[in-house]
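Heads up, the thing below is written out as structure tokens.
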Amino acid sequence: MGNGISDQPAIFSCLPSFQSFHIVILGLDCAGKTTVLYRLRFNEFVNTVPTKGFNTEKMKISSTHQTLPLFSLRTSTLRVP
Ligand SMILES: Nc1nc2c(ncn2[C@@H]2O[C@H](COP(=O)(O)OP(=O)(O)OP(=O)(O)O)[C@@H](O)[C@H]2O)c(=O)[nH]1
Ligand SMILES: [Mg+2]
């Protein structure tokens with residue numbers, strides 16, 4: 001999943017220009033969430049290890065000049081009370 005992502009403008013050009021929002025990448029263990037996160041943040045493929053907890057980065061959206069918090073989170077860590 002993480003390797004097959006397209007360029008940032010193609011992804012974010014369709015987003016409405018909200019004042020602010022968070023992007024959360026959810027998925028099963030080993031689905032490629034962290035790979036997507038670093039691909040979006042640094043525009044490069046990074047070798048990953050299984051995440052404990054979650055990863056977070058801030059990312060600048062070039063088309064809207066916004067800086068957005070970006071999280072990747074395993075669905076298996078989510079607990080419904
Ligand atoms: N072939 C292929 N491998 C991928 C792709 N995206 C990620 N991987 C590989 O899949 C493995 C898991 O990727 P991660 O990004 O660590 O997955 P994750 O969802 O963050 O995993 P957890 O943190 O354990 O939940 C790594 O070895 C990646 O290199 C892809 O698009 N294609
Ligand atoms: Mg991870």
Side-chain angles (χ1 to χ4, degrees):
M1 173 172 109
N3 207 20
I5 203 162
S6 58
D7 293 338
Q8 189 192 113
I11 296 171
F12 293 106
S13 60
C14 58
L15 290 176
S17 52
F18 292 109
Q19 288 284 32
S20 72
F21 57 96
H22 295 65
I23 298 176
V24 181
I25 303 166
L26 294 174
L28 298 175
D29 298 3
C30 215
K33 304 175 296 294
T34 303
T35 306
V36 169
L37 179 83
Y38 291 121
R39 178 75 162 79
L40 289 170
R41 176 64 182 81
F42 300 110
N43 199 27
E44 61 185 47
F45 183 82
V46 175
N47 280 323
T48 60
V49 294
T51 304
K52 288 181 181 160
F54 62 92
N55 297 109
T56 181
E57 290 288 340
K58 284 197 169 172
M59 194 181 88
K60 197 160 199 169
I61 306 294
S62 47
S63 56
T64 62
H65 306 289
Q66 290 171 296
T67 302
L68 303 178
L70 190 64
F71 299 89
S72 78
L73 189 65
R74 285 179 170 179
T75 49
S76 60
T77 63
L78 299 176
R79 298 278 182 268
V80 179

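Whatever order the structure lists ligands and atoms in, that order sets their numbers, starting from 1.
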For ligand 1 and A31, I'd like to know whether there is a polar contact (N/O to N/O, distance under 3.5 Å). yes
Answer yes or no: is there a donor N or O on one side and an acceptor on the other, between the side chain of T75 and the main chain of G27, under 3.5 Å? yes
Side chain or backbone of F54 under 4.0 Å from ligand 1, or both, or neither, by non-hydrogen atoms? neither
Checking K58 side chain against R41 main chain: does a donor-acceptor pair fall under 3.5 Å? no
Would you kindly specify which portion of T48 sits under 4.0 Å from ligand 1, judged on non-hydrogen atoms: side chain, backbone, both or neither? side chain
Would you give the length of the straight line joining atom CG of L68 to atom NZ of K60, rounded to the nearest 0.5 angstrom? 11.0 Å
Looking only at distance, does D29 have an N or O less than 3.5 Å from an N or O of ligand 1? no
d(N55 CG, T48 OG1) to nearest 0.5 Å is 9.0 Å
Per-atom contacts of ligand 1 with T51, taking only distances under 4.0 Å to non-hydrogen atoms: 22 (P), 23 (O), 24 (O)
Close approach of F45 to ligand 1, heavy atoms, under 4.0 angstrom: yes
Measure from the Mg ion (ligand 2) to each N, O or S atom of T35 and report whether any distance is below 2.8 Å. no
Is the distance between the Mg ion (ligand 2) and the nearest N/O/S atom of T51 smaller than 2.8 Å? yes
So, for K33 and L73, which heavy atoms are closest and what is the spacing to 0.1 Å? CD-O, 3.4 Å
Please indicate whether any nitrogen or oxygen in P50 is less than 3.5 Å from any nitrogen or oxygen in ligand 1. no
Region of K33 that comes within reach of ligand 1 [heavy atoms, distance under 4.0 Å]: both
Mind listing the closest non-hydrogen atom pair of L37 and E57 along with its distance? CD2-CG, 4.0 Å
Under the 3.5 angstrom rule, does the side chain of R74 hit a backbone N or O of F54 as a donor-acceptor pair? no
Out of T35, L73, I25, who is nearest to atom 28 (C) of ligand 1 when you count heavy atoms only? T35
Does S72 come within less than 4.0 Å of ligand 1, judged by its heavy atoms? no
Checking T34 against T51: is there a side-chain donor and acceptor pair closer than 3.5 Å? yes
